[in-house]
Structure formats: C-alpha cells, structure tokens
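Worksheet for the structure shown next.
What you are looking at is a predicted structure, and each value in this text was computed from that prediction instead of being measured. Along the sequence shown, the residues carry numbers beginning at 1.
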Amino acid sequence: MSKEYAGTKIMMLGNAALARGAYEAGVKVSAAYPGTPSTEISENLVKYKDEVYAEWSPNEKVAMEVAIGASISGVRAMASMKHVGVNVASDPLYTISYSGVNGGLVLVAADDPGIYSSQNEQDSRMVARAAMVPVIEPSDSEEARVFIKRAFELSEEYDTPIIVRETTRLAHSQGLVNLEERVCPEDKPYEKNIAKNVMMPANAIKRHLVVEERLNKMALDANTLDLNRAEYRDTKIGVITSGIPYQYVREALPEASVLKLGLVHPLPKKLIQEFASKVDTLYIVEELEPVIEEQVKSWGIQAIGKEIFTVQGEYSANMLRRAILGQEVECDVPAQVPARPPILCPGCPHRSVYSVLKKLKIHAAGDIGCYTLGAVAPLSVVDTTVCMGASISNLHGMEKAKGKDYVKNWVAVIGDSTFLHTGVNSLMNMVYNKATGTVVILDNSTTGMTGHQDHAATGKTLMGDTTYMINLYHLCKAMGIEHVYEVDAFDLEELERLLKQETQREEVSVIITKSQCALLKTFVPKGKCIVDPEKCKKCGMCVASGCPAMHKAKDGTVEIDPVMCNGCGLCMNSCKFGAISLLENK
C-alpha cells in the first residue's frame, strides 16, 4: 500500500477511510471489539499508533466505556463495532447521551443489510433514536473520511456522542480519498461536574431535558447543515435517501432530484418539506427499516416508500429501476457453478471436537464464531446460536427447565475470544446458581471468524505490544469450578473420555480444547497426511468430518489434496485400518 501522505489521493476501503478521517480529526483513543463489517477500522487506525492509542477491548460495552472515559478526560475518542455490538454497548450509550461529552465522542456502528456475516439484520438508526443520539451516514469512502471529522466537531458543538453509521457495502468497497493533515485540537480541560457526569436519578431527570433541547436545536440547524444537500434536476421524481442507497439512486435515476441526507437523525423537517413541495412524486429510499419514511409521513408529507421497497437485504440500482420505473432489466445469466457453502478449514481444531461430539451423539448449544459452522452437514452438531456468550446461558436455562439428566446429552461450545467477551459472566452464573453442565471452550488462540485478531488470552495487544496472557484454566478455577481440564483438540481418545466423564457429572465442568487455528502465521503443520489405496477399505469414516482436503476417487478410495492438507491427523486417527499415515515435515 502506498504511504498515506497528506495532499495525495488514494483508493481506500470505507473502513480505512473512516480510520483516516478519525486520525485527521485528532482522535487520541480508539477502542473496539472485532466484528465484520467493522473490523478493519481499528486495523487501519493502528497504523498511526505513534499518535493514536488503539485497543481491542474484551467486548463492545467495555470499548464504549473506554472511549467515554477518554472523552470525559478531554480528548477526542471513538469506539467501533458491528450492529449487534451496539446492543452490547447500549447500556453506556443510552446514559452518555444524557451526560454529553467533553472531548468529541464518536461511535461507528456497522450495519449488515443482507446478513452477510451476522445473526440478524437490525438497523442501528432505531437504537440511535431510542438513545437520542444523532446519526451521520456517509455514502462513499471520501464522505466517510470527511463525515467522521465533522462528527467529532458536531459532538463537541452540541455536547453529544455521535453515531457514524455505515453498512457492509460501504465498509468493504473502495473509493478515491483525498488525504489531509492531522489537526489535533488542544485537550479540553477536565472540570468536576457532578450534575453532568454522575447519572443518579436526580441528575438524570434534569439531563433528560437537556437532551430534548439539544435534539430540537440540532433538528433546526440540520436544515442548513453542510452534511445535507438538495440536488435539483427533473422535478417529476424526487428521492430522499442517504448512505449507500444514494449511489443506487444516482445510477438508476440519473435525472431525478435528490435530497441527500448526511445527518439522518434528527431530520431537517423544513428542508424536507421544501424539497417535497418542489417535486411531483416523492420516494424515500432507505435500506432496512422505514426510519426516515415514518417521520416524513407523520408530518403529512405524501411519499412512497416501503409500499414498493423491501425492508430486507441490500438494495441495488436494478431493484430501483423495477420498483420505480417498472423496468425489467435483463442481466447476463450467471455461470451455473456448484454452491459452495461455508465450511471449517482443513486442519481446524473445531472439526476434531465436533467429530467426537457427533460420535457420542451429544448436542451442542452454540455461540458466535467459526465454530457456528458445526451446525451444518456433515457435522450437524450445533443446535442453537443466539448471540455472544449465549451458549453457556442457554445450557444453564435448559438444565433449570428440564433437570440435570437432560443436559447429560448436551454441552455448551464457545471460542476463547467469545468466552472472554461475555462467556465469563454466563459461566459465573452457572456456578453461582448451582448448575449442572459441561462447557467446552474451543481455544484456538485467536478471534478467528473476523480475521485473526488478538484478545486478552493471546498475549499481544492491537498495538503489537506483548502483554499478560489471561490463563483460561486458572480463570475457570478461580470461579470455584473443581473440574477443569485442558486437552489437545486432536487427541480424540482423551477428548472422548473426558466428554463421556464430564457430561455425566452433576456439577459444572469445563473442558478447554487447546489447538491453534491452522490459519495463524505461527501455526506450523506437522506434515501431510497420505493415503495407501491398497489399505483403504472405502468405508468413508475418514471423510465423515467433512474436511475439504479430502474426497473420494471414482473407485471409492479416499484421496487427500496435499496443497490443502495441514497434517492435523484427524483423518488418520479416524481410520481403523491404518490406511492413512502422516508424512512429517523435515
């Protein structure tokens, strides 16, 4: 990547542009928990670590609180997370809305229309309205850089946290960005102010009035705010839109007049009324929920919105052509290729654990991470997935609902990063409330699903510094759990023994399976597994785990792709006939 010098223009992901804009705005503290599609913001911001402190926090609530603390001290600070992370951070978010800020405070919320990598399709603008926090929404990478800088300025001007909302399409698409110098405002002095910063009931009652006044003022000022602009062309069709849908509107309706909103909460009522009065037919184009539409219609303005547009998934130019113009756009028929569902990688330690669970016919309450893929064939072990940390609490709820014998056929599975995110509290709850159940912590030494970020148990920070490595075994023992075990994920015999033993125990127990993710740079394969076709009985036991490095030849014997194989030995240990051996690296 070319060096990021001020005065140059370079192509940047939306996430990289947000990071650059925060850097140029003089942000000094950034906290986040990795989650697609927001992860690259912090990974790009840490490039400026000589001037910006950036961290991976254990979860989004902590990240938000870190940023709040930095803001209270008088510097510009930000937190970044995906939309479901905003749920986790909502507790401090709702309250800091009342308190306001000292240094500028920005929360970047990355929504996921189309559910490319999430468990739901919620709209963060709904949370922002409930929390009474303003929302700014850029439409391309350059706006991402510019708008986040304005967000810090508006945060300080109106004494409020600001949400900058992006979506997957903006986060992971590239655009030309004009780089500018970093401008670092002087730290604001901290002044003790109990009435503003301590949200006990008597103070909160008064601050609620301040919040309402603030939003009313912002709504009035929004009518002339530089983030909002009316583009008048042919006035037969007028469109109110924001964010990435603006790009689709301009492509599908190049002659239409457009009111492009950069500040999407609170809305500029006078500006919208003026625009609506000048167009014959008004459309409101927004992905997901009718947040803008419902407010506009409540003012008595005639508009067309979700009557013809969906509340599901991403929009496109072709979708708008069909809905607004009635045009059926002919597209080239895509090549008919076989579907490629997501699958655990060759050498993944989760596959080994799930193979044993499947053999023992044990159900797994699942969690958020790569290991969620244990729900799909051929493993089909994971029965539930709700949210971060829910596997342990779900198992606890099952036991309290159906009794100790019921959970002897269940385990909770959770990754090391997710366990530290919210699993610790869930496990604590099991111990405190005298539960029965076995928790399997799948420790692969990374936050795998979002691109191998470090966490509190890896011994390295986002800044690249070596740090104390949280010991999961000792953490579990410190909770008072007597039966805690560590085992190599590929030691099938010992893993099977432990699962049989612990699932029958009428106490809380923890099994920590320790094997590195095969995609980590520090991972060293043992070698390559090879098949002796003369010994192969064509039984298929070795391919039952669904390793993508393996397939059956036409004659029914098994073949292993040497390029994909990581030498984990799962297939070798599954073969009862000695047909598979490990060719060790020299």
Determine yes or no for a side-chain-to-main-chain donor-acceptor pair under 3.5 angstrom, with [X] supplying the side chain and [Y] the backbone.
| X | Y | result |
| --- | --- | --- |
| Asp111 | Ser124 | yes |
| Tyr371 | Gly415 | yes |
| Asn429 | Asn425 | no |
| Ser97 | Met132 | yes |
| Asp383 | Ala365 | no |
| Ser298 | Gln295 | yes |
| Ser141 | Met12 | yes |
| Glu55 | Leu462 | no |
| Ser38 | Ala110 | no |
| Lys82 | Ser117 | yes |

Check whether any side-chain heavy atom of [X] lies under 4.5 Å from a side-chain heavy atom of [Y], and answer yes or no.
| X | Y | result |
| --- | --- | --- |
| Val291 | Met126 | yes |
| Phe309 | Leu320 | yes |
| Thr310 | Glu287 | no |
| His172 | Thr36 | yes |
| Gln119 | Thr385 | no |
| Leu442 | Ile414 | no |
| Ile511 | Ile441 | no |
| Cys517 | Phe523 | no |

Suppose we screen for salt bridge (charged side-chain N to carboxylate O under 4.0 Å, His left out). Which residues come up paired with [X], at least two apart in sequence or across chains?
| X | answer |
| --- | --- |
| Glu137 | Arg165 |
| Glu142 | Arg145 |
| Asp112 | none |
| Asp140 | none |

May I ask you to check whether [X] and [Y] show a side-chain donor-acceptor distance below 3.5 Å?
| X | Y | value |
| --- | --- | --- |
| Gln453 | Thr450 | yes |
| Thr438 | Thr503 | no |
| Glu43 | Asn15 | no |
| Thr522 | Gln516 | yes |
| Tyr485 | Glu502 | yes |
| Ser426 | Ser393 | yes |
| Asp488 | Ser515 | yes |
| His83 | Asn120 | yes |
| His265 | Arg125 | no |

With [X], which residues qualify under side chain to side chain donor-acceptor pair (under 3.5 Å), at least two apart?
| X | result |
| --- | --- |
| Ser355 | none |
| Thr461 | none |
| Gln312 | none |
| Lys477 | none |

Working to the nearest 0.5 Å, report the span between [atom1] of [X] and [atom2] of [Y].
| X | Y | atom1 | atom2 | value |
| --- | --- | --- | --- | --- |
| Glu399 | Asn433 | CD | CG | 9.5 Å |
| Trp56 | Thr447 | CH2 | OG1 | 8.0 Å |
| Met479 | Leu427 | CE | CG | 4.5 Å |
| Asn87 | Met388 | CG | CE | 12.0 Å |
| Leu107 | Ile163 | CG | CD1 | 5.0 Å |
| Met78 | Ile162 | CE | CD1 | 13.0 Å |

query = Is the count of non-hydrogen atoms from other residues, nucleotides or ligands lying under 6.0 Å from Tyr406 atom OH greater than 12?
reply = yes
[X]/[Y] ion pair, N-O < 4.0 Å:
| X | Y | result |
| --- | --- | --- |
| Arg169 | Glu314 | yes |
| Lys297 | Glu307 | yes |
| Glu293 | Lys306 | no |
| Lys260 | Glu143 | yes |

key: The single option from Ile362, Val413, Leu373 passing side chain to side chain contact (heavy atoms under 4.5 Å, CB included) against Tyr354   = Val413
ask   = By ring-ring contact (aromatic ring centres under 6.0 Å, His included), which residues pair with Phe419, not counting sequence neighbours?
value = none
inquiry  = The criterion is ring-ring contact (aromatic ring centres under 6.0 Å, His included); which residues satisfy it with His363, sequence neighbours excluded?
reply    = Trp410
request  = For side-chain contact (heavy atoms from CB on, under 4.5 Å), just list the numbers for Tyr283 and Ile308, CA-CA rounded to whole Å, side-chain angles, deciding distance to a tenth of an Å, and then say yes or no.
outcome  = CA-CA 10 Å; Tyr283 296 89; Ile308 62 172; 3.8 Å; yes
query = Going through the checks in order, is the side-chain contact (heavy atoms from CB on, under 4.5 Å) test met by Val52 and Val27?
reply = CA-CA 7 Å; Val52 181; Val27 70; 4.2 Å; yes
task = With Tyr33 as reference, evaluate Ser42, Ser57, Ser80, Ser417 under the side chain to side chain donor-acceptor pair (under 3.5 Å) test and give the passing residue.
result = Ser417
message = Taking salt bridge (charged side-chain N to carboxylate O under 4.0 Å, His left out) as the cut-off, I'd like each qualifying pair that reaches into residues 431-460, sequence neighbours left out, listed once.
response = Asp443-Lys514
note = Residue pairs meeting salt bridge (charged side-chain N to carboxylate O under 4.0 Å, His left out), one or both in residues 407-427, sequence neighbours left out, come to Asp405-Lys408, Lys408-Glu506
